[in-house]
Amino acid sequence: MPTPERKFRLYDTMTREVKEIVPTEPGHLRFYSCGPTVYSYAHIGNFRTFLTGDLVVRTAQALGWRVSYVSNITDVGHLTSEDQDGGEDRMEKGLKSKEGEKFLNVWDLADYYADCFKADWHRLNLRTPLVWPRATQHMREQILAVEKLIESGNAYETPTGVYFDVDSFKDYGKLSGNRDRDNLYQGVRDVVQDDNKRHPSDFALWKKDDKHLMQWFSPWGWGFPGWHIECSVMAMQYLGETIDLHAGGEDLVFPHHECEIAQSECLTHHTFANHWMHTRFLQVDGEKMSKSLGNFYTVRDLVEGKGADPLALRYALISVPYGKPLNFTMQTLRDATKNVERYRECERLAREALGHAEDEDRIGDELDALYHQALDAMCEDLNTSVALAKALEGTGAIFREGASMSASSARSALGYLGKIGELLGIVRLTEDGEAPEAARSDEPPAMLVEKVAQRQAAKAAKEFALADALRVEVEAAGWEIRDTPTGPQLRRKVEVVG
RNA sequence: GGCGCCGUACCCAAGUGGUUAAGGGAAGGGUCUGCAAAACCCUCAUUCAGCGGUUCGAAUCCGCUCGGCGCCUCCA
């Protein structure tokens with residue numbers, strides 16, 4: 001079947017319109033997405049943003065593009081409040097926290113949380129980037145970039161560090177719309193002034209600090225880099241001077257991405273990124289997620305603490321398009337769990353039918369059409385709501401064929417589930433010869449298997465009261481029995497505790 | 001002060017100028033099953049916060065009102 005010509009359109013923060021992504025090199029997307037600072041466990045809001053990047057990668061790959069995907073890990077704490085000693089470094093704060101007591105130093109802490117981050121990343125079935133560059137491993141490049149900015153007259157040294165001279169870049173503010181710099185300081189927040197800076201908007205490229213927990217030697221003495229320079233340097237190192245797409249959370253529009261543009265474009269005199277996308281913040285129970293409100297969730301809180309299915313969590317986090325606020329609730333997660341289970345049930349059904357007679361394939365065309373509709377929706381600014389709806393319609397077609405479907409239909413069904421899994425990541429097909437996924441992670445205890453056997457015997461003897469009692473016992477242990485034409489199945493109950 | 005978003009059924013949510021307002025969850029009815037689960041079929045918004053306007057035609061465009069929310073150098 002010929003793949004129809006498709007355009008991949010995304011909202012561009014710079015131009016404020018949905019526009020087509022046109023890779024500089026046809027069929028090869030160069031994509032940089034801002035990752036987390038690893039001073040603690042990443043939370044589900046972080047992952048909403050990373051999932052947006054993941055869906056971009058998957059959609060581009062579904063179009064047959066090659067994707068060079070780079071997502072950084074920030075492992076330097078930054079004092080972005082431009083004062084001498086008033087701000088608190090996030091890595092240092094992490095080390096001082098209760099969780100941080102177990103680490104010898106900030107380096108260990110960064111490694112630990114970076115590993116956890118990658119583990120959560122895989123649990124939620126995100127595509128592995130080409131590189132996960134870390135700020136501390138690109139110190140030389142950052143220092144060279146700062147030197148170059150001083151040479152070009154875009155930066156200046158003060159007793160406290162090196163600052164970017166915002167007035168030297170006339171386009172400063174083009175991304176965020178914050179062009180009126182004086183106006184920025186009429187906000188409600190306290191703004192710390194630093195008399196060493198020429199303009200309050202000037203931002204640090206290098207901070208001098210020989211007492212900082214993480215410090216490097218530079219032409220300006222001991223210190224550490226400013227927050228923004230790492231992304232400019234790492235994006236250019238791995239993807240070139242102009243990248244096709246740059247993504248992050250909505251909070252990064254200003255100042256982070258604005259500053260990245262200023263630095264990068266002063267370094268190269270080229271457009272830094274041709275397309276900018278930003279993911280709206282997640283809310284929980286209608287409010288901003290925060291520790292003080294008690295609605296703060298990490299991936300492990302939900303998966304290990306509440307028994308959430310990781311794929312269901314993924315489903316929930318992508319159920320609303322990235323450009324709109326997503327109000328996450330336990331109900332959202334429960335709804336998603338139902339749908340993810342439906343896909344698993346479909347796979348089970350189709351696998352059992354593989355041994356049937358060939359006969360005609362009665363669902364292949366319909367499933368193919370639905371897949372393409374889902375892909376169309378993704379190409380239109382990642383409309384995940386529509387894509388998930390179209391994808392789910394396919395399960396209806398498969399179930400309607402039912403247990404008696406032909407082997408041909410079953411192969412179409414599995415092909416479809418595989419493609420939906422590639423595109424949306426909400427299905428993970430079992431490898432050949434592998435136990436079905438539900439059973440893979442946890443085998444039922446032998447004691448329960450025995451009870452199921454006893455129940456079968458009771459049923460055969462028509463002792464239904466005993467059979468029911470046995471099922472109640474099994475359920476009390478957190479498992480459920482499903483009678484099928486091929487015998488009873490024992491499955492862990494899927495329940496999300498609210 | 002600046003930038004911006006949202007208000008669609010019990011809940012989540014798509015649709016942003018024109019056929020019957022997607023889809024999911026919940027709920028109710030039915031089929032199947034010893035029972036149950038899963039699955040399948042059916043029902044579930046003459047209406048899109050309110051009020052005005054533009055238009056042959058608006059949930060979709062404009063204005064106002066009410067209500068909710070985000071960002072503005074800690075933040076994905």
Side-chain angles (χ1 to χ4, degrees), chain A residues 16 33-37 39 42-53 77-82 87-90 93 173 176-180 182-189 191-192 200-201 203-204 226-228 247-256 258-259 278-283 286-290 315-316 319-321 323-329 331-332 334-339 341-342 345-346 348-349 377 383-393 395-396 398-400 402-403 459 462-465 467-468 471-472 475 480-484 488-489 491 493:
Chain A
R16 303 192 178 197
S33 172
C34 282
T37 302
Y39 63 105
H43 53 71
I44 57 173
N46 297 124
F47 271 99
R48 183 184 196 206
T49 296
F50 309 145
L51 280 163
T52 303
H78 292 293
L79 279 151
T80 43
S81 43
E82 312 288 10
E88 192 169 15
D89 179 294
R90 275 149 67 210
K93 198 173 165 187
S176 61
N178 291 333
R179 286 194 175 270
D180 182 352
D182 296 329
N183 190 34
L184 276 176
Y185 298 94
Q186 289 167 17
V188 287
R189 296 200 180 191
V191 173
V192 182
S201 299
F203 55 91
W227 175 31
H228 315 299
E250 63 170 323
D251 57 316
L252 298 184
V253 175
F254 189 90
H256 186 56
E258 199 72 76
C259 295
H278 294 94
T279 304
R280 289 296 305 264
F281 267 178
L282 170 85
Q283 289 176 252
E287 291 182 285
K288 179 170 177 166
M289 181 166 73
S290 76
Y315 197 113
S319 62
V320 177
K324 295 193 174 186
L326 161 62
N327 182 21
F328 182 89
T329 63
Q331 189 57 51
T332 316
R334 277 186 222 105
D335 293 354
T337 304
K338 288 271 184 185
N339 290 329
E341 275 302 307
R342 195 173 160 83
E345 210 52 50
C346 257
R348 201 167 287 125
L349 191 69
N383 191 334
T384 45
S385 297
V386 170
L388 289 170
K390 290 299 171 190
L392 201 62
E393 276 186 48
T395 62
I398 296 168
F399 277 127
R400 256 171 258 122
K459 278 176 66 177
K462 301 216 182 289
E463 294 175 33
F464 295 123
D468 289 346
R471 189 180 54 223
V472 169
E475 282 173 359
E480 70 179 352
I481 300 169
R482 278 190 193 174
D483 289 329
T484 73
Q489 288 178 351
R491 337 174 52 217
K493 265 193 191 171

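Note on naming: letters A, B, ... go to the chains in the order of the sequence lines (proteins, then strands), and numbering restarts at 1 for each one.
- Annotation: G63(B) and C40(B) have their P atoms spaced 46 Å apart (nearest Å).
- Regarding His256(A), its NE2 atom lies at a distance of 16 Å from the C1' atom of C71(B), rounded to whole Å.
- The nearest whole Å value for the distance from the CE atom in Met289(A) to the P atom in C71(B) is 12 Å.
- Within the shown strands, nothing qualifies as a pairing partner of A38(B) under the Watson-Crick or G-U definition with both distances less than 3.5 Å.
- Taking 4.0 Å as the cut-off between side-chain N and carboxylate O, Glu393(A) and Lys390(A) count as a salt-bridged pair.
- Of the candidates A76(B), G34(B), G70(B), G34(B) carries the atom nearest the Asp468(A) side chain, counting heavy atoms from C-beta on.
- Note on Lys462(A): nothing from the nucleic acid sits closer than 4.0 angstrom, heavy atoms only.
- Under 4.0 angstrom from either OP1 or OP2 of G4(B) there lies at least one side-chain N or O belonging to Arg16(A).
- Base-pair partner of G18(B): C56(B) (Watson-Crick or G-U wobble, both distances under 3.5 Å).
- The phosphate of A14(B) has neither OP1 nor OP2 within less than 4.0 Å of any side-chain N or O from Lys390(A).
- Of the two residues near RNA chain B, Ala389(A) and Arg280(A), the one whose nearest nucleotide lies more 5' is Arg280(A).
- Going from the C1' atom of G57(B) to that of A14(B) covers 22 Å, rounded to whole Å.
- The Asn46(A) side chain lies nearest to A76(B) when the options are C5(B), A76(B), G24(B).
- The side-chain contact (heavy atoms from CB on, under 4.5 Å) check on Asn327(A) picks up Gln283(A), Thr329(A), with sequence neighbours excluded.
- Comparing the same atom, P, in G29(B) and in U16(B) gives a spacing of 37 Å after rounding to whole Å.
- In this model, the phosphate group of C6(B) is not approached by any side-chain N or O of Asn327(A) to a distance below 4.0 Å at OP1 or OP2.
- The shortest side-chain heavy-atom distance between Pro321(A) and Ser385(A) falls under the 4.5 Å cut-off.
- With hydrogens and angles ignored, no donor-acceptor pair closer than 3.5 Å exists between the side chain of Asp251(A) and the base of G70(B).
- Across the strands present, U43(B) finds its partner in A27(B); the criterion is a Watson-Crick or G-U wobble pair with both atom distances under 3.5 angstrom.
- Taking the side chain as every heavy atom from C-beta outward, Cys346(A) and Phe399(A) approach each other to under 4.5 Å.
- Going from the P atom of U54(B) to that of G15(B) covers 29 Å, rounded to whole Å.
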Which nucleotides of nucleotides 36-44 of chain B have their base under 4.0 Å from a protein heavy atom (B), which only their sugar-phosphate (S), and which neither (-), written as one string 5' to 3'?
-> BBSSSS---

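- To the nearest angstrom, C1' of C74(B) lies 15 Å from CD of Glu250(A).
- At a threshold of 4.5 Å between non-hydrogen side-chain atoms, the residues Pro36(A) and Phe50(A) count as touching.
- Judged by distance alone, the side chain of Gln489(A) and the main-chain N or O of Ile481(A) form no donor-acceptor pair under 3.5 Å.
- Here the P atom of nucleotide A14(B) and the CG atom of Asn339(A) are 15 Å apart, to the nearest Å.
- At a threshold of 4.0 angstrom between heavy atoms, the contacts of Gly248(A) are confined to the sugar-phosphate backbone, with no base atom among them.
- Pair assignment for C69(B) gives G4(B), based on Watson-Crick or G-U wobble hydrogen-bonding distances that are each under 3.5 Å.
- One can place CD of Gln283(A) at 13 Å from P of C6(B), the figure rounded to the nearest angstrom.
- The CZ atom of Arg334(A) sits 11 Å away from the P atom of A26(B) (whole-angstrom rounding).
- For Lys324(A), taking side-chain heavy atoms from C-beta onward, the closest of the listed nucleotides U16(B), G70(B), G24(B) is U16(B).
- At distances below 3.5 Å, at least one donor-acceptor pair connects side-chain atoms of Glu250(A) with backbone N or O atoms of Phe281(A).
- Separating the P atom of U19(B) from that of U60(B) is a span of 14 Å, rounded to the nearest Å.
- The CG atom of Leu326(A) sits 17 Å away from the P atom of C11(B) (whole-angstrom rounding).
- Contact annotation for His278(A): no contact, since no heavy-atom pair falls under 4.0 Å across all strands.
- For Pro325(A), the side-chain atoms get nearest to C5(B) when compared with the rest of A76(B), G23(B), C5(B).
- Using N1 to N3 plus N6-O4 or O6-N4 for Watson-Crick, or N1-O2 and O6-N3 for G-U wobble, each under 3.5 Å, C48(B) pairs with nothing.
- For the pair Leu252(A) CG and C72(B) C1', the interatomic distance rounds to 13 Å; values are reported in whole Å.
- A donor-acceptor contact shorter than 3.5 Å links the side chain of Asn46(A) to the backbone of His43(A).
- Comparing the C1' positions of G18(B) and C51(B) gives an interatomic distance of 24 Å, to the nearest angstrom.
- Between the side chains of Thr395(A) and Arg342(A), at least one donor N or O sits under 3.5 Å from an acceptor N or O.
- Residue Leu282(A) is in base contact, counting any heavy-atom pair closer than 4.0 Å across all strands shown.
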Just do the salt bridge (charged side-chain N to carboxylate O under 4.0 Å, His left out) check on Lys338(A) and Glu345(A) with the steps written out, would you?
-> CA-CA 10 Å; Lys338(A) 288 271 184 185; Glu345(A) 210 52 50; over 6 Å; no

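- Here, C71(B) and A9(B) have their P atoms 26 Å apart, quoted to the whole Å.
- Here U33(B) sits opposite no nucleotide as a Watson-Crick or G-U wobble pair (both hydrogen-bonding atom distances under 3.5 Å).
- Which of G34(B), G15(B), G25(B) sits closest to the side chain of Gln331(A) comes down to G25(B).
- For the P atoms, the distance linking G67(B) with U55(B) amounts to 31 Å, nearest Å.
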